[in-house]
Enquirer: 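Shown below is the structure under consideration.
For clarity, every value in this text was computed on a predicted model and none was experimentally measured. Numbering of ligands and ligand atoms starts at 1, following listing order. The analysis underlying the following values was restricted to heavy atoms, covering all of them including side chains, and did not include hydrogens, waters or symmetry mates.
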Amino acid sequence: MKSFVLRFPNGKTKAMTFSYDDGIPADLRLIELMKKYGIKGTFNINTFHYENGNEPENRLKKSELKEIADNPLFEIACHGHTHPHYTFLPQSVVTDDIMTNRKEIEAITDKIIRGFAYPYGPYNEISEESIKAADIVYARTVKSTNDFFLPENWLQWHPTCHHKNSLELYDKFEAFNRAVSNPVVMYVWGHTYEFDNDNNWELIEELFKRCHKNHDIWFATNMEIYNYVKAFKSLVFSADGKTVHNPSRTDVFALLDGYWEPDSGTPILVPAGETVKLYD
Ligand SMILES: [Zn+2]
């Protein structure tokens, strides 16, 4: 019997993702830095600003949102139409706020949008039910875990850390043994106005400088991580576990024998749509 453990694209053990809230003009400065270093990330947008054809100065323009959404480095996701505290509202109002937000962002970007970050961070059973009803597949909280696990519940995706702690956490992440069984994700969140308020844009550039050189890391948007894990979980095995079929349209990688001898093997590829004999 051999174990079969998820590896990210090209057999990588580590992934990194970023998530920034509220859709403000300072996001464009972060986006330029991300383009410079090839870093991927997700930008979470409120839509009430754009009501009645408005495009306020202190928010990204609709044309900018469209341009960001069209760039494969980035994802645009929901953050509530009016940015309310969902835990203080009835279910119908929460569901309406999420659905309105989703429809408006889809109209602006011409993309299917299924990612979400909770406004202010809190969530409860009601908001989770509303998220499901709106067919949102992942939702980020603001509870920093200071660790690197994939979420158990995608509707409570707790980030690793706020960017202010990201350099210390990155040192830990980089030092993480490559031979670990489970794959690891470093998830950083924040608001770009904080870089202006704290006068520390150099902090995030320092992080990008360090991490972009690390070829063990898969850089992905939040949704790309969700979609990849979902494709991995859709794999179908024979009863003896020796043959695997990938019914998805995504190539997936796994480490065979990853549990007992984690560094013993090269990750194997299970191509999209194909069936692979793993061992005799
Ligand atoms: Zn916010």
Side-chain angles (χ1 to χ4, degrees), residues 17-31 33-34 40-51 54-62 64-66 68-69 74-89 93-109 111 113-124 126-128 130-131 134 136-145 151 154-166 187-198 200-201 203-204 221-223 225-226:
T17 194
F18 292 81
S19 175
Y20 277 81
D21 293 356
D22 302 349
I24 60 166
D27 288 358
L28 298 175
R29 182 166 172 186
L30 183 67
I31 282 169
L33 283 174
M34 293 171 100
K40 290 191 165 196
T42 299
F43 292 86
N44 308 301
I45 307 299
N46 312 112
T47 35
F48 77 99
H49 309 289
Y50 306 107
E51 278 178 356
N54 286 339
E55 295 209 71
E57 289 287 303
N58 61 354
R59 300 290 145 177
L60 292 170
K61 305 227 167 314
K62 288 202 249 180
E64 289 166 336
L65 292 175
K66 168 87 177 120
I68 296 165
F74 308 119
E75 171 195 1
I76 296 286
C78 297
H79 191 40
H81 180 60
T82 58
H83 203 291
H85 273 279
Y86 284 157
T87 50
F88 300 153
L89 292 168
V93 177
V94 175
T95 307
D96 184 58
D97 192 76
I98 298 168
M99 280 302 283
T100 304
N101 188 216
R102 193 179 158 202
K103 285 186 201 167
E104 301 255 323
I105 296 176
E106 290 187 344
I108 294 168
T109 61
K111 299 264 185 299
I113 303 294
R114 298 178 79 203
F116 190 84
Y118 290 105
Y120 305 107
Y123 55 90
N124 59 12
I126 287 177
S127 46
E128 225 178 289
S130 293
I131 292 271
I136 295 284
V137 292
Y138 77 78
R140 195 212 76 217
T141 76
V142 296
K143 277 189 185 171
S144 294
T145 59
W154 289 95
L155 301 185
Q156 293 175 23
W157 192 354
H158 306 309
T160 303
C161 61
H162 184 271
H163 65 239
K164 63 178 185 272
N165 307 115
S166 60
Y187 188 141
V188 179
W189 82 282
H191 306 89
T192 53
Y193 62 75
E194 294 174 275
F195 296 121
D196 286 327
N197 292 351
D198 301 335
N200 64 353
W201 278 97
L203 179 152
I204 199 75
T221 65
N222 290 198
M223 185 57 83
I225 292 178
Y226 172 85

Enquirer: Between the main-chain N or O of M223 and the side-chain N or O of E75, is there a donor-acceptor pair closer than 3.5 Å?
Expert: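 Judged by distance alone, yes, a pair lies under 3.5 Å.
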Enquirer: Relative to the Zn ion (ligand 1), how many protein N, O or S atoms have a separation of less than 2.8 Å?
Expert: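 Excluding waters, the total comes to 3.
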Enquirer: Quick one: which residue pairs count as a salt bridge (charged side-chain N to carboxylate O under 4.0 Å, His left out) with a foot in residues 114-124, not counting sequence neighbours?
Expert: R114-D135
Enquirer: Parallel, tilted or perpendicular, judged at 30° and 60°: which one describes the rings of F43 and Y20?
Expert: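 Ring orientation of F43 relative to Y20: tilted.
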Enquirer: For K66, enumerate each residue passing the salt bridge (charged side-chain N to carboxylate O under 4.0 Å, His left out) test, keeping only those at least two apart in sequence or located in another chain.
Expert: D70
Enquirer: Who passes side-chain contact (heavy atoms from CB on, under 4.5 Å) against D96, sequence neighbours left out?
Expert: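 Per chain and number, D96 pairs via side-chain contact (heavy atoms from CB on, under 4.5 Å) with T100.
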Enquirer: Going by atom types alone, do N101 and H79 pair a side-chain donor with an acceptor below 3.5 Å?
Expert: no
